[in-house]
Amino acid sequence: MELLTNQNYIDQLSIDCVIFGYENKQLKVLITKLNFKGNFYAIPSGFIHQEEDIDEAARRILEHRTGINNIYLEEFKVFGSANRNNKEFLDQLIAHNYPDSISEKTNIMEYQWFSKRFVSIGYYALVDINEVKPCLSEVYASIEWFDIHQIPALIIDYDKVVLAALNTLKEDIDKKLNVFNLLPEKFTMMEIQDIYETIFEKTYVRTNFQKKILELNTLERLEKKFTGAKNKAPYLYKIKK
C-alpha cells in the first residue's frame, strides 16, 4: 500500500463524515470497523488532495463509502483542539497488530505523518438508507448501520463528532428543511412525523404536526397510498422542485 505521505495530501488536515440514515423508526449512523485486530471503530474519514476543494474531497470520501454520488451534505464544525491527534489510537493499533514494531515505529515515515495533530472539518450527510451500498476497502473489515443509541466505542474523538453532528441536525431541520433527504422520493405525512419523533425523541399531536409541515410550503401532494388495509389511505408527498 502506498504511503499516506506520498499521496499529495494536505498535511495535518482531514475530513470526518457522519452519515445519517433512517429505517424502522431508528436514526442510524454508518460506522466502519478497521481491518486490524482489535475493536477499532470509526466514522468515514479521509484526507484532502493538494489540488482538491474541501467540499469536493468530502463528496469523494462519501461516494467511496456509500456508492452514491447525489448526497445531501452539510459542513457543520471544525475540530481542532491542541491535544487532538491520532497517536494514542495508532499506538494501540500497532500494539495489537505489530508488537515487534513498537520500538521502531518512530522511524516509520507514515507513523510520523499520521500520528501528528490533525485539524478535522466535520460534515454530516443525509441519505435514503435503501439507496446506500456500503463499499469496503482494504482498510475496512466492515461498514454497517448502527442505531444512534447503540454505536460502539469509537476511536480518537469520533464520539464527540457524531454528537455534534446530531445536535447540528436538530438545529438545521426547521431552518434548512433537510430532513426529507432521509426519505424516499415519495413519502406520507406519518413517515415525516415518525422521523421528527425519532430525532427529537418526543411525540407530536398529529393534526398540529401536519399543519406545521404543510405551512412550510415545501411539499407537493400526490396520489393516495393504497395498501389494501381498512384504514383510510394517506396521501403521498414529495419535495417541490
Side-chain angles (χ1 to χ4, degrees), residues 7 9-10 12-23 26-32 41-80 84 118-137 139-140 143-148 151 154-187 191-192 195-196 198-200 216 218-219 238-241:
Q7 296 191 30
Y9 291 130
I10 297 175
Q12 294 179 257
L13 184 64
S14 63
I15 287 178
D16 293 332
C17 299
V18 181
I19 305 174
F20 290 113
Y22 174 80
E23 185 179 45
Q26 292 181 331
L27 182 66
K28 296 187 175 183
V29 179
L30 197 61
I31 300 294
T32 67
Y41 291 92
I43 56 177
S45 304
F47 304 108
I48 306 162
H49 294 293
Q50 294 286 347
E51 72 284 356
E52 196 174 31
D53 291 340
I54 293 174
D55 286 351
E56 181 185 355
R59 293 191 180 281
R60 169 179 56 80
I61 293 165
L62 284 167
E63 183 175 355
H64 286 174
R65 303 297 176 264
T66 65
I68 55 178
N69 55 26
N70 185 22
I71 297 178
Y72 179 89
L73 188 64
E74 285 283 353
E75 179 184 334
F76 69 94
K77 187 175 180 178
V78 173
F79 299 85
R84 187 181 198 270
F118 271 79
V119 173
S120 177
I121 303 169
Y123 284 82
Y124 75 79
L126 304 178
V127 300
D128 176 357
I129 202 169
N130 297 306
E131 296 294 322
V132 174
K133 296 178 177 59
C135 304
L136 288 175
S137 71
V139 179
Y140 299 121
I143 305 180
E144 300 179 29
W145 290 103
F146 285 83
D147 182 279
I148 190 71
I151 295 175
L154 302 176
I155 62 172
I156 316 176
D157 60 354
Y158 288 160
D159 56 337
K160 296 179 182 178
V161 178
V162 172
L163 180 59
L166 176 60
N167 289 336
T168 306
L169 172 61
K170 290 178 179 179
E171 294 171 359
D172 285 349
I173 283 179
D174 287 332
K175 293 185 295 183
K176 299 183 177 180
L177 308 178
N178 57 10
V179 73
F180 307 109
N181 291 279
L182 292 169
L183 290 167
E185 181 182 4
K186 298 178 181 180
F187 44 82
E191 288 172 325
I192 302 172
I195 283 187
Y196 268 79
T198 298
I199 292 174
F200 290 101
L216 297 175
T218 61
L219 299 182
K238 71 175 183 178
I239 303 173
K240 288 182 179 179
K241 294 183 179 179

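If you're wondering where the values come from, they're calculated on a predicted model, not measured in any experiment. Basis for what follows: all heavy atoms, side chains included, without hydrogens, waters or symmetry-related copies.
Rounding to the nearest 0.5 Å gives a distance of 9.0 Å between CG of N167 and NZ of K77. Here the CD1-OG1 distance, from I19 to T66, works out to 6.0 Å after rounding to the nearest 0.5 Å. Going from atom CG of L27 over to atom CZ of F146 covers 14.5 Å, rounded to the nearest 0.5 Å. Atom OG of residue S120 and atom CD1 of residue I43 lie 7.0 Å apart, to the nearest 0.5 angstrom. Considering CZ of R60 and CG of L62, their distance stands at 10.0 Å, rounded to 0.5 Å. Atom CD1 of I148 is separated from atom CD1 of I199 by 9.5 Å, given to the nearest 0.5 angstrom.
Residues K176 and Y72 form a side-chain contact, since some pair of their non-hydrogen atoms from C-beta on lies under 4.5 Å apart. Counting heavy atoms from C-beta on, the side chains of Y196 and I173 come closer than 4.5 Å. Side-chain contact between L166 and V29: absent, with no pair of heavy atoms (C-beta onward) separated by less than 4.5 Å. With a 4.5 Å cut-off on side-chain heavy atoms, I121 and L13 count as touching. Looking at V161 and F76, their side chains come closer than 4.5 Å, going by heavy atoms from C-beta outward. Side-chain atoms of N181 and D128, non-hydrogen and from C-beta on, never get closer than 4.5 Å to each other.
Here the shortest heavy-atom pairing between G80 and V119 reads CA-CG2, 4.3 Å. Minimum interatomic distance between I71 and L126 (heavy atoms only, all atoms of both residues): CG2-O, 4.5 Å. Scanning all heavy atoms of the two residues, the minimum distance from G46 to I61 falls at CA-CD1, 3.5 Å. Across all their heavy atoms, I68 and E131 have their closest contact at CG2-O, 3.3 Å. The heavy-atom pair separating L182 from G21 by the smallest distance is CD2-CA, 3.9 Å. Closest approach of A58 and L73 over heavy atoms only: CB-CD2, 3.8 Å.
In the displayed structure, E185 atom CD is contacted under 6.0 Å by at most 12 heavy atoms of other residues, nucleotides or ligands. Counting heavy-atom neighbours within 6.0 Å of K186 NZ, excluding the residue itself, gives a total of 12 or less.
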Take L183 and E191 through the side chain to side chain contact (heavy atoms under 4.5 Å, CB included) test and state the conclusion after the steps.
-> CA-CA 8 Å; L183 290 167; E191 288 172 325; 4.2 Å; yes
Could you please spell out the steps behind the side chain to side chain contact (heavy atoms under 4.5 Å, CB included) verdict for D157 and R84?
-> CA-CA 8 Å; D157 60 354; R84 187 181 198 270; 2.8 Å; yes
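For K240, the side chain to side chain contact (heavy atoms under 4.5 Å, CB included) partners at least two apart in sequence or on another chain are N217, E220. For L177, the side chain to side chain contact (heavy atoms under 4.5 Å, CB included) partners at least two apart in sequence or on another chain are F180, L216, T218. Remark: D147 engages Q26, H149, Q150 in a side chain to side chain contact (heavy atoms under 4.5 Å, CB included) (not counting sequence neighbours).
Side chain of T32 to backbone of A42: a donor-acceptor contact under 3.5 angstrom is found.
Checking each of W145, Y22, F20 against I129 for a side chain to side chain contact (heavy atoms under 4.5 Å, CB included) leaves exactly one that passes, namely W145.
Side-chain contact check for Y124 and N178: at least one donor-acceptor pair (N or O, by modelled atom type) lies under 3.5 Å. The closest side-chain donor-acceptor pair between Y158 and S45 falls under 3.5 angstrom.
F47 has its ring centre less than 6.0 Å from the ring centre of F118.
Taking the six-membered ring for Trp and thresholds of 30 and 60 degrees, H49 and Y9 have nearly parallel ring planes, at less than 30 degrees apart.
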